[in-house]
Asker: 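Below is one structure. I have some questions about it.
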Amino acid sequence: MHITSQEIRTALITGSTSGIGLGIARTLADTGCRIILNGFGEAQQRQDLLAEMERRSGQAAQFWEADLSQALPALPEVDILVNNAGIQHTAPVEEFSPEMWEKVLKINLSAAFYTIHGCLPGMRARGWGRIINLASVHGLVASVHKAAYVAAKHGLLGLTKVVALETARSGITCNAICPGWVLTPLVQQQIEARAVAQAIPVEQAQQELLQEKQPSGRFTQVEELGALVVFLCGPGAANLSGTSLPVDGAWTAQ
Ligand code: NAD
């Protein structure tokens, strides 16, 4: 199945060697998109992922070599841009290292500006584009010890709105997805740190993490986020732009 009946779309998903980005890449590949991966990982793992994407999509897949904390190399031509790469760092504000503040802002916010800046001209020329920014519930509300992450994700929602306004009559949409807890390497680190800090088993730390914020009491699955991306790329979402969609088991309803 193709996202649109006429054309095979090319999708770049940043940070797609693990977690949510990989889940989204798999789901888009299953719809027949040409996939461009990006992120860190061993050479063999990257080769395996490219082969998997080609098998799923029936299209050639490629890797965009870019460390999003650095100046970006030229961007490939894409129809779908998913700004997913992100890192977390936790510390009270007064102990937050300025280096980590800069790094979180670069990867979680500035990189999205640069990829959009690079991809928009091609989308405009083709009269079609989908930009999807992986923000977070932390784009909508705050939690302690996440100053840089919360600031970056709130900023990403602002960027999403501006791009939506500027592209409103161009066949391009720009939306943000705001997940609550999703069990990926990024969150596993936080669960393990919590287990150590409270001297409790990892399973207990995981349950407490969910109970504290996410009323559904379960993690959002990467496949659920992939399905939302496919919807946002499909014809039913052609006039849906500038929104921030929480997928958080009612976290932000509280
Ligand atoms: P993850 O750690 O599993 O994946 C992060 C990806 O980003 C990896 O592929 C990694 O290689 C890549 N990456 C990191 N630094 C990079 C850099 N400098 N250049 C290029 N790639 C880089 O994390 P995840 O949980 O899948 O997070 C994906 C996105 O979803 C992030 O933006 C995160 O903030 C957001 N998010 C995650 C959760 C959650 O609960 N996991 C919740 C809300 C939002």
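Remember, it's 1-based here, ligands and their atoms both numbered in the order they're listed. Note that the coordinates shown come from a computational prediction; the quantities given were computed from them, not determined experimentally.
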Asker: Pro185 heavy atoms, cut-off 4.0 Å: which ligand 1 atoms fall inside?
Answerer: 3 (O)
Asker: Can you check whether Ile8 reaches Cys33 side chain to side chain, under 4.5 Å on heavy atoms?
Answerer: no
Asker: In the protein, what heavy atom is nearest to atom 33 (C) of ligand 1, and what distance, to one decimal place, separates them?
Answerer: Tyr149 OH, 3.5 Å
Asker: Honestly, is Arg218 close enough over Trp181, meaning NZ or CZ under 6.0 Å from the six-membered ring centre and within 45° of the axis?
Answerer: no
Asker: To check your reading of the model: name the closest protein heavy atom to atom 25 (O) of ligand 1, its residue, and the distance in Å.
Answerer: Thr184 OG1, 2.4 Å
Asker: Starting from atom 26 (O) of ligand 1, locate the nearest protein heavy atom and write down its residue, its atom name and how far away it is, to 0.1 Å.
Answerer: Ile20 N, 2.8 Å
Asker: Between Leu225, Val182, Asn108, flag the one that comes closest to atom 41 (N) of ligand 1 by a heavy atom.
Answerer: Val182
Asker: Could you tell me whether Glu52 and Arg26 have a side-chain N and a carboxylate O separated by less than 4.0 Å?
Answerer: yes
Asker: Taking the side chain as everything from C-beta on, heavy atoms only, tell me whether Ser244 gets closer than 4.5 Å to Cys178.
Answerer: yes
Asker: Which heavy atom of the protein is the closest neighbour of atom 42 (C) of ligand 1, given with residue, atom name and distance?
Answerer: Gly180 O, 3.0 Å
Asker: Is a salt bridge present between Arg194 and Glu212, judged by a nitrogen-to-oxygen distance below 4.0 Å?
Answerer: yes
Asker: Are Arg46 and Glu42 ion-paired here, with the side-chain N under 4.0 Å from a carboxylate O?
Answerer: no
Asker: Judged by non-hydrogen atoms, does Gly23 sit under 4.0 Å from ligand 1?
Answerer: no
Asker: Which residue owns the protein heavy atom closest to atom 13 (N) of ligand 1, what's the atom, and how far is it?
Answerer: Ala85 CB, 4.2 Å
Asker: Have a look at Gly39, Gly15, Ser18 and point out the one with the heavy atom closest to atom 1 (P) of ligand 1.
Answerer: Ser18
Asker: Of all the non-hydrogen atoms in the protein, which one sits nearest to atom 23 (O) of ligand 1, and at what distance?
Answerer: Leu186 CB, 3.3 Å
Asker: Do Glu203 and Gln207 pair up side chain to side chain, a donor and an acceptor below 3.5 Å, judged on atom types alone?
Answerer: no
Asker: Could you find the nearest protein heavy atom to atom 19 (N) of ligand 1 and give me its residue, atom name and distance?
Answerer: Leu68 N, 2.8 Å
Asker: I'd like to know if Phe219 contacts ligand 1, where contact means a heavy-atom distance under 4.0 Å to any ligand atom.
Answerer: no
Asker: Under 4.0 Å, heavy-atom basis, I'd like to know which part of Lys153 is in contact with ligand 1: side chain, backbone, both or neither.
Answerer: side chain
Asker: Is it true that the side chains of Asn84 and Thr14 contain a donor and an acceptor less than 3.5 Å apart?
Answerer: no
Asker: Please list the nearest protein heavy atom to atom 16 (C) of ligand 1 with its residue and the distance rounded to 0.1 Å.
Answerer: Phe40 CE1, 3.4 Å
Asker: Heavy atom under 4.0 Å from ligand 1: found in Leu22's side chain, backbone, both, or neither?
Answerer: neither
Asker: Measuring centre to centre across the rings, with the benzene-like ring taken for any Trp, is His145 within less than 6.0 Å of Phe96?
Answerer: no
Asker: Out of curiosity, is Lys106 lining ligand 1, as in a heavy atom under 4.0 Å away?
Answerer: no
Asker: Kindly identify the option in Pro179, Gly86, Ala135 whose heavy atom sits closest to atom 35 (C) of ligand 1.
Answerer: Ala135
Asker: Under 4.0 Å, counting heavy atoms only: does Cys178 come that close to any atom of ligand 1?
Answerer: no
Asker: Based purely on interatomic distance, does Asn84 place a nitrogen or oxygen under 3.5 Å from a nitrogen or oxygen of ligand 1?
Answerer: yes
Asker: Need the ligand 1 atom indices (1-based, order shown) with element for anything under 4.0 Å from a heavy-atom of Asp67.
Answerer: 17 (C), 18 (N), 19 (N)
Asker: Tell me whether Asn38 contacts the main-chain N or O of Ala66 through its side chain, where contact means a donor paired with an acceptor under 3.5 Å.
Answerer: yes
Asker: Does this structure show an ion pair linking Asp79 with Arg130, if we count only N-O contacts that are shorter than 4.0 Å?
Answerer: no
Asker: Tell me, do Asn108 and Lys153 make a side-chain contact under 4.5 Å, heavy atoms counted?
Answerer: yes
Asker: Looking at ligand 1, does Ala66 have a heavy atom less than 4.0 Å from it?
Answerer: yes
